[in-house]
Enquirer: 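Quick one: the structure is below, questions incoming.
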Amino acid sequence: MILTAQVMNETDNKNKRWGIIFCPKYKLSSNRKQWLKVQQALKEKGVSYDFVQSENSDSVSRLVKMLISNNYKTIIIMGGDSALNDAVNCLMQEEKNVRDSIAIGIIPNGGLNDFARFWGFKESHPEQTVEWLQKRRIRKIDLGCIRYQNKKGENCHRYFANCVNIGLSADIMNLRRQAHSMLGSTTLSFIVSLVMMLFHRLDYKMHLRINSEEIKRRVMTICIGSGPGYGQTPSAVPYNGLLDVSAVYHPEVLQLLGGLWLLFTGRFLNHHCVHPFRTREVEVTEAKHALVGVDGRLISTPSGSYRIEVEQEVINFLIPD
């Protein structure tokens, strides 16, 4: 059900309204408080909008389709990386002329807000975010895409704004979600998942092709980023038609802890176990049993080889002033 913030009868005026999809954080009491802050900022800036609330990841896609069919030209996701991922994947199902008529924006409100932080949007400053979005400064951004077959042999694909993780980083996402479901706290679940990682450390036999280089060896984790990749592809930008790749070969425990420190301090590429690449396409011929995460959410493990590529300037994204 849409809760209308302000009644407008003219179609032209309706097209200027924002369609806001509110994606609550998992079982957090602060959701209502954060929405009230955003609502107050929208009121102070005189923004006309309609508001819907998602129930789960499937409902985000359904709500985006509903807003598109109702001729909304500005769709704002109040959520994290995974919610934005659902929105862009839904939008990419539309014809190009439809996509070109719509701008996507984000108000960060997720466990992971990496893509929003890249642009300077902060969850703690909703007033600034609304002010920037209201100026409607649009930039065409790239999306990465992973193309694979599932265990049924069906051809699948998934777009991403931030990154694909293969191996340990995706494994940490899985551990983190399991810990979060038991503990409730986002911060505590992240700390617990890192501790568990020290006892759950894995590497994977991989066969990769990146540019003209062929890699056949055991690899701990790979991050392929169109965006910052949670600090693992810090030089990546979503508008140069390229993907940044960070491959981490198996370090010792102390080296792993050092790598985590460099990750948290923004110097991940300085670690000698990290091998960076820049490319338009990555072919994964073999990565048995390695989990795959897309924008912070696990997908079903691909069956056989798969390919990750970039599609240039396909989404209109609202950026800061």
Enquirer: Can you sort out the partners of Glu131 under salt bridge (charged side-chain N to carboxylate O under 4.0 Å, His left out), two or more places apart, ordered by chain and number?
Expert: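 Salt bridge (charged side-chain N to carboxylate O under 4.0 Å, His left out) check on Glu131 returns Lys45.
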Enquirer: Can you check whether Lys65 reaches Arg62 side chain to side chain, under 4.5 Å on heavy atoms?
Expert: no
Enquirer: Using salt bridge (charged side-chain N to carboxylate O under 4.0 Å, His left out), reason through Arg307 and Glu283 one step at a time and then give a plain yes or no.
Expert: CA-CA 5 Å; Arg307 189 173 76 257; Glu283 183 179 349; over 6 Å; no
Enquirer: Any side-chain heavy atom of Ile21 sitting closer than 4.5 Å to one from Ile76?
Expert: no
Enquirer: Just wondering, more than 12 heavy atoms not from Glu95 lying within 6.0 Å of its CD?
Expert: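 Open: at most 12 neighbouring heavy atoms sit under 6.0 Å from CD of Glu95.
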Enquirer: Are Arg117 and Asp81 ion-paired here, with the side-chain N under 4.0 Å from a carboxylate O?
Expert: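 Salt bridge: no.
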Enquirer: Do the two ring centres, one from Tyr72 and one from Trp18, sit under 6.0 Å apart?
Expert: no
Enquirer: Does the distance from a Lys or Arg side-chain N to an Asp or Glu carboxylate O, for Asp50 and Arg17, drop under 4.0 Å?
Expert: yes
Enquirer: Can you check whether Thr74 reaches Arg136 side chain to side chain, under 4.5 Å on heavy atoms?
Expert: yes
Enquirer: Would you say that Asn240 contacts Arg278 through its side chain, given a criterion of any heavy-atom pair below 4.5 Å between the two side chains?
Expert: yes
Enquirer: Before accepting this row, confirm whether a basic side-chain N of the pair Arg280/Glu309 lies closer than 4.0 Å to the acidic partner's carboxylate O.
Expert: no
Enquirer: Assert yes or no for the condition that the ring centre distance of Phe317 to Trp119 is strictly below 6.0 Å.
Expert: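 Yes, close enough.
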Enquirer: What pairs meet the salt bridge (charged side-chain N to carboxylate O under 4.0 Å, His left out) rule with one or both residues in residues 99-109, with sequence neighbours excluded?
Expert: Lys96-Asp100, Asp100-Lys140
Enquirer: Can you confirm whether Phe22 sits close enough to Ser54 that some side-chain heavy atom of one is under 4.5 Å from a side-chain heavy atom of the other?
Expert: no
Enquirer: Hydrogens and angles aside, do Asn162 and Asp114 bring a side-chain donor and acceptor to less than 3.5 Å of each other?
Expert: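 On atom types as modelled, these side chains qualify, holding a pair under 3.5 Å.
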Enquirer: What I'd like to find out is whether the side chain of Phe118 reaches to under 4.5 Å of the side chain of Val237, using heavy atoms alone.
Expert: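 Yes - at least one pair of side-chain heavy atoms lies under 4.5 Å apart.
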Enquirer: Between Tyr249 and His275, does the ring centre distance come in under 6.0 Å?
Expert: yes
Enquirer: Does any non-hydrogen side-chain atom of Val219 lie less than 4.5 Å from one of Val248?
Expert: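 A side-chain contact under 4.5 Å is absent here.
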Enquirer: Give a yes or no on whether a salt bridge exists between Glu311 and Arg147, defined as a side-chain N under 4.0 angstrom from a carboxylate O.
Expert: yes
